[in-house]
Structures are given as C-alpha cells and as structure tokens.
Amino acid sequence: MPELPEVEVSRQGLLPYLPGRRIAGAVVRAPRLRHAIPSGLAERLRGLYVDDIVRRGKYLLFDCESGRGGGWLILHLGMSGSLRLVPPGSPAQKHDHFDLVFADTAMRLRDPRRFGVLLWHEGRDVERHPLLAVLGIEPLTDAFDGDWLFAAMRRRNAPIKPLLMDSHLLVGVGNIYAAESLFSAGISPLRAANRISRERYGRLAPAIRATLEASIAAGGTSVRDYVHSDGGAGCFQLSCAVYDRAGDPCTVCGTPIRAIRQAGRSTFYCPRCQR
DNA sequence: CGTTACCCCTGGAGGC
DNA sequence: TGCCTCCAGGGGTAAC
C-alpha cells in the first residue's frame with residue numbers, strides 16, 4: 001500500500017503531534033515483522049523525547065534524542081502497514097502490532113501482512129544503518145533529474161519499469177507510481193532502460209516528481225486523530241490513469257489499457273500512448 | 001555483474 | 001455458506 005507519497009503523508013500527519021513529546025512507553029504485541037522486533041525496545045524508548053520525524057525513501061525515521069544519548073526508531077510500512085493516532089490504552093485489534101505511547105495519545109502500527117520493519121538504531125548516524133545505507137537517490141531532491149536518470153540507466157538492459165522500482169537506484173517509487181509516471185512521460189514499461197534517450201529521461205524525471213508531489217498534495221490534509229495511510233493516496237484520493245485499469249479506455253486516446261506482468265509485478269500501460 | 005524467481009504473510013475477491 | 005486459486009501498493013535473497 002504505501003509508496004513514497006503515502007509515507008510522506010503519514011509523516012506530515014504525525015508532525016503536529018509527536019515532536020516535542022515524551023515517550024511514556026511502548027507496547028510490542030508481535031514478536032517480529034520482517035525482522036524480529038528488538039528485545040527491550042519498550043524499555044529503551046521510555047522517557048525519551050521524539051525530536052523529529054524524517055523520511056528516507058519509504059522509511060519513517062523517528063529521532064528520539066539521537067544526539068543526546070538516544071537513537072532512532074526505524075519504521076517501514078511494508079505492503080500493508082498503516083499508522084494512526086489513538087487514545088492511549090484503547091483496545092488493540094488484530095494486526096495492531098505496536099504502540100508508541102505518549103501521555104495523551106498513542107501512535108499505533110497496524111500491518112496485517114507483516115512485511116513492515118520496526119527497528120532501533122542506537123545513537124546518531126542513522127543513515128549508516130544497513131537498511132538505509134544502500135538506498136538510492138531521493139526523487140524529490142534537485143539532484144534527481146533527467147541527466148541523473150540517463151546516467152544511472154545507460155548500462156541497464158532490463159525494462160525500465162522494474163528498474164524505477166529498484167530502491168538501490170531511486171527510492172519511493174512503487175508499482176503504482178512507476179506505472180503512472182511512465183504513462184505521463186509516454187514511455188513503454190517494456191522498453192530497455194539503455195534504449196531511452198536523454199531527452200526522454202528529461203521528461204521522465206519531472207514526470208516522476210510531479211506524480212509523487214501531486215499524490216502527496218492530494219493526501220496532505222491531515223485529520224485530527226487519524227493518520228492517512230490505509231486509504232492509499234495513490235488511487236483512493238487521486239485517480240490513476242493506468243494502474244488497475246486493465247481494459248478501460250486510455251484517458252488520452254481511448255485504447256484499452258493493457259495489463260502485463262514484469263518481474264513478478266503487474267504492470268498497466270497504454271500500448272498506443274507509451275512507446 | 002545484472003536480471004529474474006521465489007519467498008516472507010494475511011486477507012479479499014471471484015470461480016465453482 | 002465453503003473451498004480453492006489468484007492477487008495485493010515491498011523488498012531481500014538465491015540462483016541463473
């Protein structure tokens with residue numbers, strides 16, 4: 001469910017409430033998500049303050065006094081994770097695996113498929129954590145442009161679409177936004193990455209950025225006690241042009257949208273608009 | 001090395 | 001109402 005926009009919207013939804021607050025405790029109900037949840041995590045967190053929440057790719061990083069003897073809470077929502085703010089002590093439902101508890105609210109993690117990640121990094125330098133150190137460029141930074149994409153892809157013979165989803169190259173683009181960005185740029189998801197011109201990458205990079213930013217903007221209104229994530233700003237609040245629209249007419253030319261499978265993931269595209 | 005297949009896990013949808 | 005199969009927004013690992 002969460003790609004970069006959903007994670008960013010979650011971050012923005014939490015920012016008004018968590019930073020500056022003291023962690024009263026934590027509740028760990030699942031022994032492991034993708035990794036084992038560190039033993040003693042609740043005890044380690046208690047008494048620390050959340051100073052800030054930052055995003056790296058699809059990870060949410062909670063700065064818990066990292067510069068003053070604390071550390072970082074590393075959170076990834078996986079395929080089915082979502083966060084919401086609940087009254088402390090409110091009854092947990094199935095798949096509610098973790099609460100970060102404050103005096104008057106609690107951040108609750110739900111993740112039915114448990115592909116998410118919940119880890120602790122002691123001290124500062126969280127970017128050196130093995131899961132974060134291998135991540136590629138942030139597509140919403142100035143450094144990410146057509147020239148960067150062209151250089152990164154020039155030796156790649158694989159189809160462009162699965163490469164756009166490779167977090168070692170660039171972060172945050174998942175199955176929905178890869179498809180939508182390629183449609184927006186008029187590039188076929190099947191085209192070999194090293195057979196796309198610099199000029200076309202010059203259109204693709206801004207298309208990726210615009211697609212992500214539009215989705216963030218569409219999901220950006222935060223509700224008081226609810227942090228959007230399980231709505232999926234991708235296709236819930238913002239309609240998709242191609243994703244999950246197999247057989248429907250292309251919004252531009254009317255040609256039926258085609259569904260194929262690439263590297264184990266579904267891909268949707270317009271065979272006429274995208275070359 | 002680059003690329004793909006498979007796996008982790010649960011739940012919902014649709015066929016029978 | 002039940003069972004079966006397939007599918008799902010992520011990503012690591014192993015194998016070609």
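Reminder, nothing fancy here: chain letters follow the sequence lines and each chain counts from 1.
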Please report the distance, rounded to the nearest Å, between CZ in A/R34 and P in C/dG12.
5 Å
Whole angstroms only, please: what is the CD1-P distance between A/I74 and C/dG11?
14 Å
Need two values: the first and the last nucleotide of DNA chain B, 5' to 3', having an atom under 4.0 Å from any heavy-atom of chain A.
B/dG2 to B/dG11
So if I apply the side-chain contact (heavy atoms from CB on, under 4.5 Å) rule between A/L109 and each of A/L33, A/D96, A/L100, which one comes out positive?
A/L33
N/O donor-acceptor pairs under 3.5 Å from side chains in residues 267-275 of chain A, not counting sequence neighbours:
{"residue": "A/T267", "atom": "OG1", "partner": "A/K161", "partner atom": "NZ", "Å": "3.0"}
{"residue": "A/T267", "atom": "OG1", "partner": "A/Q262", "partner atom": "OE1", "Å": "2.8"}
{"residue": "A/Q274", "atom": "OE1", "partner": "A/C270", "partner atom": "N", "Å": "2.8"}
{"residue": "A/Q274", "atom": "NE2", "partner": "A/L182", "partner atom": "O", "Å": "3.4"}
{"residue": "A/Q274", "atom": "NE2", "partner": "A/I187", "partner atom": "O", "Å": "2.9"}
{"residue": "A/R275", "atom": "NE", "partner": "A/R272", "partner atom": "O", "Å": "3.3"}

Side chain to side chain donor-acceptor pair (under 3.5 Å) pairs, two or more places apart, involving residues 115-130 of chain A:
A/R44-A/E122, A/W120-A/E122
Going through the distances and angles, do A/D52 and A/F62 end up as a side chain to side chain contact (heavy atoms under 4.5 Å, CB included)?
CA-CA 6 Å; A/D52 198 7; A/F62 296 79; over 6 Å; no
Sorted by chain and number, sequence neighbours left out, side chain to side chain donor-acceptor pair (under 3.5 Å) with A/R46 holds for none
With sequence neighbours excluded, tell me which residues meet side chain to side chain donor-acceptor pair (under 3.5 Å) with A/R261.
none
Writing each nucleotide of DNA chain B 5' to 3' as (, ), [, ], | or . by Watson-Crick or G-U pairing under 3.5 Å yields .|||||||.|||||||
State plainly whether the residues A/E6 and A/K58 are in salt-bridge range, i.e. N to O under 4.0 Å.
no
Side chain to side chain contact (heavy atoms under 4.5 Å, CB included) between A/N194 and A/R155, intermediate numbers included:
CA-CA 6 Å; A/N194 59 5; A/R155 296 179 181 281; over 6 Å; no
P-based separation of B/dA5 from C/dC7 [nearest Å]:
14 Å
Would you say A/V101 and A/L75 are hydrophobically clustered, going by side-chain heavy atoms of ILVMFWY under 4.5 Å?
no
Using a 4.5 Å cut-off on heavy atoms from C-beta on, say whether the side chain of A/V242 contacts that of A/T251.
no
Sequence neighbours excluded, which residues qualify as salt bridge (Lys or Arg N to Asp or Glu O under 4.0 Å) partners of A/R11?
A/E8
Heavy-atom pair of closest approach, residues A/P159 and A/L190:
CB-O, 3.8 Å
Pair A/Y177-A/L212, side chain to side chain contact (heavy atoms under 4.5 Å, CB included): steps then yes or no
CA-CA 7 Å; A/Y177 298 114; A/L212 296 173; 4.0 Å; yes
For a quick test of your reading: what N or O donor-acceptor pairs under 3.5 Å do the side chains of residues 143-152 of chain A make, sequence neighbours left out?
{"residue": "A/D145", "atom": "OD1", "partner": "A/D147", "partner atom": "N", "Å": "3.2"}
{"residue": "A/D145", "atom": "OD1", "partner": "A/W148", "partner atom": "N", "Å": "2.9"}
{"residue": "A/D147", "atom": "OD1", "partner": "A/R198", "partner atom": "NH1", "Å": "3.0"}

Could you check which residues of residues 90-97 of chain A get a heavy atom under 4.0 Å from DNA chain B? Sort them by number, please.
A/K94, A/H95
Checking A/E213 now: which residues fulfil side chain to side chain contact (heavy atoms under 4.5 Å, CB included) with it, not counting sequence neighbours?
A/L140, A/R209
For nucleotides 4-8 of chain C, which of its nitrogen or oxygen atoms have a protein nitrogen or oxygen under 3.5 Å away, and what is each distance?
{"residue": "C/dA8", "atom": "OP1", "partner": "A/S266", "partner atom": "OG", "Å": "2.8"}
{"residue": "C/dA8", "atom": "OP2", "partner": "A/R261", "partner atom": "NH2", "Å": "2.4"}
{"residue": "C/dA8", "atom": "N3", "partner": "A/R113", "partner atom": "NH1", "Å": "3.1"}

Let's see if you get this right: which residues in residues 149-170 of chain A place a heavy atom under 4.0 Å from DNA chain C?
A/M165, A/H168
